[in-house]
Amino acid sequence: MEHFDVNALISSHIQLSQDIFLLQIHAPYIAFAAKPGQFCMIKVSGDANDPLLRRPLSIHRVHDGGFVSFLYKVIGKGTKCLSEYKAGEKLNVLGPLGNHFAIRPAEKVIIIGGGIGVAPLVFLAERIAFKHGTTVLLGFRNREDVCCVEDFEKLAARTLIATEDGSLGHKGLITDLLREEIMHNPDLPKYFYTCGPFGMQKAINNLIIEELGEKKAHLEVSLEARMACGIGVCMSCVTQARDGDYLHVCKDGPVFNAKKILWK
Amino acid sequence: MPDLSIKISSLYLKNPVILASGTCGYGIELKDLIDLNSLGGLCLKGISLKPRPGNPPPRIHETASGLLNSIGLENVGIDRFISEKLPLLKDYDTCIIANILGDSAQQYIELAQRLDAHHDQIKAIELNLSCPNVKCGGIAFGTDPKLISQIITGVKKVTNLPVIAKLSPNVQDIVPIATACEESGADAISLINTLLGTAIDIFRKKPVFNNIFAGLSGPAIKPVALRFVWQASHAVKIPIIGIGGISKWEDAIEFFMAGATAIQIGTANFFNPSASVQIIQGIKGFMRKMGYKKIEDMRI
Ligand SMILES: Cc1cc2nc3c(=O)[nH]c(=O)nc-3n(C[C@H](O)[C@H](O)[C@H](O)COP(=O)(O)OP(=O)(O)OC[C@H]3O[C@@H](n4cnc5c(N)ncnc54)[C@H](O)[C@@H]3O)c2cc1C
Ligand SMILES: Cc1cc2nc3c(=O)[nH]c(=O)nc-3n(C[C@H](O)[C@H](O)[C@H](O)COP(=O)(O)O)c2cc1C
Ligand code: FES
């Protein structure tokens, strides 16, 4: 898969809530090559060595004219550093990296996102070209964390929300919404996509297998791992496979068939 | 026009910039990002007789201007290296160096023998002498001059390829070790491998790594690496390949001045895949500006 190391101009950088930012860069090569589920490695410290490593961020959307956007949450030093960049400045970005979600017919899919894990799912939804009736389930801790709802609604998706504290939508977990969907929908979609915390994706995998059985459970998950290079040369980004082998998230993933993963 | 080419015994490199083992995979992964033909050499991921799965995660931890790693020498093993990885580099014009590791002298010898059969592609063998010697109760090979001599002498018997001894910095005194390498016939010495370090997760009150200790690399270790290069190059006559924290051309020049004949770029490849190419340009520009004709002219 072809990738590019570019010094991209920041076209906009907006703070959406206390710690969530929407960054847009002009990077035509990346925009053209990108597929949903792929990510970029971003150098957040310019020419300086602190922080040393690039930070992986999923491609949130691509836009006409060669623009690429990222949706991220500030959680530590690197993302804080990134949040201080301003429109008009340049940012070194390497991408698109990794594999991607398989595109399936709109009427057969359910998209499930948890927290900032919704970031790559908007791009996925756009490429799936939503029809009415396609379902998106989103789970957040609270109202403050909720994002991307309008993006999905604009695509005419049926968007259901759960928050742990009940401040918006269903009070509870995203698995509650999913169980409901599966039970009340005899005409079941066949393919599920998730991105979010490992524990959430594990619970979703368990639920789908429980309700549908191993055979009918088609789930694609997007995983995270500590990465140094993002291009398959350092061997740092492993997650364990069910067969005992290590999978490299930056190359074999970040998207995996849930059946391949050891959900420990 | 400065001449960047160098020689390490029978090995000719068009320039002194080599990518370090473990930081450029099997080489081919970088083909979209840099012109592999512009490099002096590529030192591929360390290879063992049997495939090694590597350590459970976490395998890396970022530190101030540095990186701790505990990859566990994950590699595909010599068989797949030869059948799958090597052919991918067939059409590139750069010097391919195989890096090997073993649990015993015998394993190094066997690996060297297997690689020698591919001397049409492989131009040198680098011995990673920092791996734990299982047979000797966990001492790194790199700390014992006798064991090192045994490995180098054995390897030299089975191959005519230039042999580079890659040394660990986790030793009291590098001089007797470098001397042992020279006396047993090593064609060059490369150093340093990573410095042993650790990190603690203060919220879990536990070491970050399952193995507790990990190897430190990156800009943070450059002064230490430079000191080792200085000491080794003043102790032996064989060429020294300097490694450790090099991320800009100015760093490379410091290593040449300290006595290195060539350099390897490691961790910098991760945060700047073009580092090596930029460094080659930078060296050329500096030599032109300062009137140096050959790399060795820069030595103090
Ligand atoms: C393929 C992929 C796609 C991602 N996409 C997004 C996204 O679209 N939006 C978003 O907000 N976040 C995303 N993440 C997570 C994001 O990379 C981390 O939040 C970020 O690296 C944290 O850096 P920091 O310096 O702020 O945090 P620190 O905790 O200070 O980072 C310390 C080190 O740990 C690494 N690290 C910490 N948390 C994670 C994590 N969850 N995953 C991987 N490495 C981590 C950092 O990269 C850094 O090397 C993605 C991660 C991966 C692997
Ligand atoms: C992730 C990683 C993997 C490495 N793997 C190997 C290896 O397989 N064999 C080896 O001899 N050295 C290995 N090294 C050491 C490097 O080749 C180099 O000696 C060291 O990192 C210091 O250089 P640097 O500061 O430029 O990275 C590895 C280093 C890193 C960071
Ligand atoms: S991050 Fe380097 S191999 Fe995946």
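So that the names make sense, note that chain A is the first sequence line, chain B the second, and so on, each numbered from 1. As the structure is a prediction and not an experimental result, all values here were calculated from the model.
When side chains are defined from C-beta on, B:L33 counts as touching A:I231, because their heavy atoms get closer than 4.5 Å. Here the side chains of A:F4 and B:D32 are not in contact, with every heavy-atom distance at 4.5 Å or above. Looking at B:I71 and A:S236, their side chains come closer than 4.5 Å, going by heavy atoms from C-beta outward. Side-chain atoms of B:P57 and A:T239, non-hydrogen and from C-beta on, never get closer than 4.5 Å to each other.
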**Study point:** side-chain contact (heavy atoms from CB on, under 4.5 Å) evaluation trace for B:E29 with A:K251
**Key:** CA-CA 10 Å; B:E29 297 89 339; A:K251 248 194 129 175; 3.9 Å; yes
Practice item. Take B:F270 and A:R54 through the side-chain contact (heavy atoms from CB on, under 4.5 Å) test and state the conclusion after the steps. Key: CA-CA 8 Å; B:F270 300 157; A:R54 289 164 181 258; over 6 Å; no
Exercise for review: Could you walk me through whether B:R59 and A:V238 pass side-chain contact (heavy atoms from CB on, under 4.5 Å), step by step?
Suggested key: CA-CA 8 Å; B:R59 289 183 173 188; A:V238 291; 3.3 Å; yes
Point to revise | Steps toward side-chain contact (heavy atoms from CB on, under 4.5 Å) verdict (B:S274, A:D5) | key: CA-CA 9 Å; B:S274 307; A:D5 185 8; 3.6 Å; yes
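Taking OG1 from B:T23 and CE from A:M235, the interatomic distance works out to 10.5 Å, rounded to the nearest 0.5 Å. Distance CG/A:L94 to CZ/B:F271: 13.5 Å, rounded to 0.5 Å.
Looking at A:M227, the atoms closer than 4.5 Å to chain B (heavy atoms on both sides) all sit in the backbone: N, CA, C or O. Using a 4.5 Å cut-off between heavy atoms, B:N75 makes no contact with chain A at all. Contact of B:S65 with chain A is made through backbone and side chain together, with heavy-atom distances under 4.5 Å. Only the side chain of B:T267 comes within less than 4.5 Å of a heavy atom in chain A; its backbone stays farther off.
Your options are A:C237, A:C229, A:G78, A:A225, and the one with the most heavy-atom pairs under 4.5 Å with chain B is A:C229. Your options are B:G218, B:G72, B:P56, B:A64, and the one with the most heavy-atom pairs under 4.5 Å with chain A is B:P56.
Annotation: A:K80, atom NZ; neighbour count of heavy atoms from other residues, nucleotides and ligands within 6.0 Å does not exceed 12. By the neighbour-count criterion of 12 heavy atoms within 6.0 Å, atom CG of A:D47 is sparsely surrounded, having that number or fewer from other residues, nucleotides or ligands. The neighbour count for A:Y29 OH, taken as heavy atoms of other residues, nucleotides or ligands under 6.0 Å away, does not exceed 12. In this structure, A:Q18 places its CD atom where only 12 or fewer heavy-atom neighbours from other residues, nucleotides or ligands lie under 6.0 Å away. Counting heavy atoms of neighbouring residues, nucleotides and ligands inside a 6.0 Å radius, atom NZ of A:K259 exceeds 12 of them.
The existence of a salt bridge linking B:E62 and A:R55 is confirmed by a sub-4.0 Å separation between a basic side-chain nitrogen and an acidic carboxylate oxygen.
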